Amino acid sequence: MYNFDFMSDEHKMIQEAARDFAQREIVPVAEHFDHTGEFPLANVRKMGELGFMGIEVPEEYGGAEMDTLAYTLVMEEISKADASHGTIVSVNNSLYGKGLLIFGTHEQKKEWLEPIANGENIGAYSLTEPMSGSDSGNMASRAVLNSSGTHYIINGRKSWVTSAPYADRIVVFCMTEPEKKHKGVTAFLIDTKEPGFSRGKTEPKLGIRASATSEIIFDNYECPVDRVLGKPGEGFKIAMTILDAGRVGIAGQALGIADAALTASIAYAQEREAFGQKIGQFQMIQQKLADMKCRVEASRLLTYQAAVEADIAKKTGQRITLAASMAKLFASETAMWVTTEAIQIHGGMGYSKEMPLERYFRDAKITQIYEGTSEIQRMVIARQLTGLR
Ligand code: CAA
């Protein structure tokens with residue numbers, strides 16, 4: 001629709017490749033995976049082969065060496081087909097990969113990024129705990145340096161860890177110096193095959209049912225000191241920096257869901273007849289379609305803008321907090337609203353599991369919740385505007 005002159009030929013190529021894969025390989029199986037709640041492992045491996053699991057990771061570490069805009073375009077196209085696949089792509093790329101890319105040493109990137117970037121392994125990110133969600137600095141899990149100074153001993157329970165049931169590696173945030181609050185959080189690189197790590201209950205979810213989410217438990221897990229990501233005490237800032245990047249991806253996911261619901265609604269309005277005419281000829285349907293389109297395109301502009309800012313920030317080092325939160329807030333609210341209206345346009349068919357509209361609606365809801373609720377995004381935006389806390 002627009003001539004986005006910031007999109008290079010490479011961007012258009014990866015967008016096309018993602019669209020082609022999503023429509024050919026994901027659309028036909030999306031309903032099955034939503035219904036069964038199975039994890040789409042075969043498709044995850046294929047996405048790894050196509051470079052979608054480590055889009056911004058340099059080739060040196062097994063990735064596609066593209067930029068945040070490319071990642072966002074892939075998120076949009078994959079999520080148009082199925083938001084669960086989008087979630088898995090997002091966690092690998094941003095929540096796991098981004099932290100290593102920005103804060104990892106060369107050795108850490110070599111060992112911890114490469115198998116994830118090519119899709120052989122799956123990565124996850126764990127910040128939330130049963131008693132700390134939005135208030136993420138208030139965590140109870142503890143990591144204590146052993147007497148010889150070689151290992152941190154980690155104990156605690158983390159919750160709502162996306163991809164955890166299948167994750168090989170996880171970036172985990174724990175308190176090392178509780179008296180320092182935010183400045184006492186440290187980020188660790190965890191291998192899920194090691195002793196002291198286990199998984200708790202898997203969450204039965206309303207939407208994104210094919211993405212797997214569970215608790216993880218640490219019982220005297222020994223993490224060598226060279227597996228601290230960044231420096232001890234830097235964990236909260238690392239967690240927030242990663243979330244800024246992650247929120248751009250979730251905006252792309254929400255945009256994809258909303259666009260899919262709008263596309264289906266336009267087609268239905270052109271075909272379905274009532275009272276002797278196409279329902280698209282009724283002003284009330286026209287109003288819905290027009291408003292849906294405006295909000296989808298406004299989401300697209302905010303989302304692509306945030307992605308472009310993220311790419312500029314790689315050189316300038318500036319934070320993308322405002323752009324990321326605006327894109328995530330607006331796109332996720334749009335996804336929820338557009339999918340609601342899409343069901344209304346489809347009437348009973350929208351409510352039926354015979355069509356994907358009700359899946360879009362259930363999947364859209366999580367985009368207003370994870371990686372920071374809409375309420376948290378509004379708080380972040382207002383703080384960025386006023387400088388007040
Ligand atoms: N980038 C870098 N640093 C940041 C930052 C950012 N975006 N945001 C805050 N910081 C820094 C601040 O500058 C401050 O540093 P100083 O002490 O040096 O000044 C420090 O972090 C503390 O900041 P605040 O005082 O603002 O912290 P706060 O306690 O008020 O919390 C918050 C801020 C925005 C509410 C934050 O806690 C937040 O984003 N909460 C939501 C958490 C979230 O999104 N959780 C979802 C987790 S992932 C998930 O959903 C599961 C999954 O697997 C997908």
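From a predicted model like this one, the values you see are computed outputs, not experimental measurements. In what follows, every heavy atom counts, from backbone to side chain, and hydrogens, waters and symmetry copies are set aside. Atoms within a ligand are numbered from 1 in the order they appear, just like the ligands themselves.
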J.: Looking at Gln287, I'd like to know if its CD atom is crowded, meaning that more than 12 non-hydrogen atoms belonging to other residues, nucleotides or ligands lie closer than 6.0 Å.
T.: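 Atom CD in Gln287 is not crowded, with 12 or fewer foreign heavy atoms closer than 6.0 Å.
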
J.: At under 4.0 Å between heavy atoms, which part of Val91 makes contact with ligand 1: side chain, backbone, both or neither?
T.: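 Contact part for Val91 vs ligand 1: neither.
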
J.: What do you reckon, is CD of Gln283 surrounded by more than 12 foreign heavy atoms closer than 6.0 Å?
T.: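 Counting other residues, nucleotides and ligands, CD of Gln283 stays at 12 neighbours or fewer.
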
J.: Would you say that more than 12 heavy atoms from the other residues, nucleotides or ligands in this model lie under 6.0 Å from the CD of Glu354, or not?
T.: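 Not buried by this count: 12 neighbours or fewer within 6.0 Å.
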
J.: Hey, looking at atom 8 (N) of ligand 1, which of Arg319, Lys237, Gln384 has the closest heavy atom?
T.: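 Looking at heavy atoms only, Arg319 sits closest to atom 8 (N) of ligand 1.
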
J.: Could you go through the ring pair (Phe, Tyr, Trp, His ring centres under 6.0 Å) check for Phe236 and Phe173 one step at a time?
T.: CA-CA 8 Å; Phe236 192 77; Phe173 300 87; 8.8 Å; no

J.: Tell me whether the count of non-hydrogen atoms from other residues, nucleotides or ligands lying under 6.0 Å of CZ in Arg45 goes above 12.
T.: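 Enclosed: over 12 neighbouring heavy atoms sit under 6.0 Å from CZ of Arg45.
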
J.: Give the residue, atom name and distance (to 0.1 Å) of the protein heavy atom nearest atom 24 (P) of ligand 1.
T.: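 Its nearest protein heavy-atom neighbour is Arg389 NH2, 3.6 Å.
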
J.: Using heavy-atom distances only, which candidate in Lys183, His182, Lys158 approaches atom 19 (O) of ligand 1 most closely?
T.: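 Among Lys183, His182, Lys158, the closest heavy atom to atom 19 (O) of ligand 1 comes from Lys183.
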
J.: State whether the number of non-hydrogen atoms from other residues, nucleotides or ligands found under 6.0 Å of Lys231 atom NZ is greater than 12.
T.: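 Open: at most 12 neighbouring heavy atoms sit under 6.0 Å from NZ of Lys231.
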
J.: Check this for me - ligand 1, Asp135, N or O atoms closer than 3.5 angstrom, yes or no?
T.: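 No; every N/O pair is 3.5 Å or more apart.
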
J.: Between Thr87 and ligand 1, which residue portion shows a heavy-atom distance shorter than 4.0 Å: side chain, backbone, both, or neither?
T.: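 Neither part.
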
J.: Which ligand 1 atoms does Met379 reach within 4.0 Å, using its non-hydrogen atoms?
T.: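 Near Met379, meaning under 4.0 Å from one of its heavy atoms, ligand 1 has 35 (C).
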
J.: Which protein heavy atom lies closest to atom 54 (C) of ligand 1, and at what distance to 0.1 Å?
T.: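 Scanning the protein heavy atoms, the shortest distance from atom 54 (C) of ligand 1 goes to Thr162 OG1, 3.2 Å.
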
J.: For atom 41 (C) of ligand 1, what is the closest protein heavy atom, and at what distance to 0.1 Å?
T.: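 Of every protein heavy atom, Ser134 O, 3.5 Å lies nearest to atom 41 (C) of ligand 1.
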
J.: May I ask you to identify, for Thr321, whether its side chain, its backbone, both or neither come under 4.0 Å of ligand 1 on a heavy-atom basis?
T.: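 Side chain only.
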
J.: Show the numbers, then the answer: is there a side chain to side chain contact (heavy atoms under 4.5 Å, CB included) between Leu127 and Leu243?
T.: CA-CA 10 Å; Leu127 177 66; Leu243 280 175; 4.0 Å; yes

J.: Answer yes or no for Ser136: is there a heavy-atom contact with ligand 1 below 4.0 Å?
T.: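 Distance cut 4.0 Å: Ser136 passes for ligand 1.
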
J.: Starting from atom 48 (S) of ligand 1, locate the nearest protein heavy atom and write down its residue, its atom name and how far away it is, to 0.1 Å.
T.: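 Ranked first by proximity to atom 48 (S) of ligand 1 is Tyr125 CE2, 3.8 Å.
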
J.: Using a strict 4.0 Å cut-off to heavy atoms of Val380, name the atoms of ligand 1 that fall inside it.
T.: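 So the answer, numbered in order with elements, is 34 (C).
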
J.: Counting from 1, what ligand 1 atoms have a heavy atom of Arg247 closer than 4.0 Å?
T.: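 Every atom of ligand 1 under 4.0 Å from some heavy atom of Arg247: 39 (O), 41 (C), 43 (C), 44 (O).
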
J.: What are the atoms of ligand 1, with element, lying closer than 4.0 Å to any heavy atom of Asp244?
T.: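 Result: 1 (N), 6 (C), 7 (N).
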
J.: Under 6.0 Å from the NZ atom of Lys315, do we count more than 12 heavy atoms belonging to anything else shown?
T.: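 Result for NZ/Lys315: open.
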
J.: Do me a favour and list the nearest non-hydrogen protein atom to atom 49 (C) of ligand 1 with residue, atom name and distance?
T.: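 That would be Glu371 N, 3.8 Å.
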
J.: From Asp82 CG over to Glu25 CD, what is the distance, rounded to the nearest 0.5 angstrom?
T.: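 Rounded to the nearest 0.5 Å, the CG-CD separation comes out at 13.5 Å.
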
J.: Measuring from atom 51 (C) of ligand 1, which candidate in Trp160, Tyr96, Phe173, Tyr370 has the nearest non-hydrogen atom?
T.: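 The residue whose heavy atom sits nearest atom 51 (C) of ligand 1 is Trp160.
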
J.: Begin from the C-alpha positions of His106 and Tyr61 and carry the test ring pair (Phe, Tyr, Trp, His ring centres under 6.0 Å) through to its verdict.
T.: CA-CA 9 Å; His106 169 70; Tyr61 304 119; 5.7 Å; yes

J.: Any idea which of Ile320, Ile170, Thr241 brings a heavy atom closest to atom 2 (C) of ligand 1?
T.: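 Answer by nearest heavy atom: Thr241.
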
J.: Has Phe361 got more than 12 heavy atoms of other residues, nucleotides or ligands less than 6.0 Å from its CZ?
T.: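 Open.
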
J.: Any non-hydrogen side-chain atom of Arg362 less than 4.5 Å from a side-chain atom of Tyr360?
T.: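 Heavy-atom side-chain distance check fails, nothing below 4.5 Å.
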
J.: Nearest heavy atom to atom 5 (C) of ligand 1: which of Lys180, Met240, Arg383 does it belong to?
T.: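 The residue whose heavy atom sits nearest atom 5 (C) of ligand 1 is Met240.
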
J.: Would a search of protein heavy atoms around atom 14 (C) of ligand 1 find one under 4.0 Å away?
T.: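 Under the 4.0 Å cut-off, atom 14 (C) of ligand 1 has no protein heavy-atom neighbours at all.
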
J.: Counting only heavy atoms not in Tyr351, do more than 12 fall under 6.0 Å of its OH?
T.: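 No, the 6.0 Å shell around OH holds no more than 12 heavy atoms from other groups.
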
J.: When only distance counts, is Gly372 in polar contact with ligand 1, meaning an N/O pair under 3.5 Å?
T.: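 Yes, there is a polar N/O contact under 3.5 Å.
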
J.: Which protein heavy atom lies closest to atom 23 (O) of ligand 1, and at what distance to 0.1 Å?
T.: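 It is Phe236 CE2, 3.8 Å.
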
J.: Does an N or O anywhere in Thr128 fall below 3.5 Å from an N or O of ligand 1?
T.: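 In this structure, Thr128 places no N or O atom under 3.5 Å from an N or O of ligand 1.
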
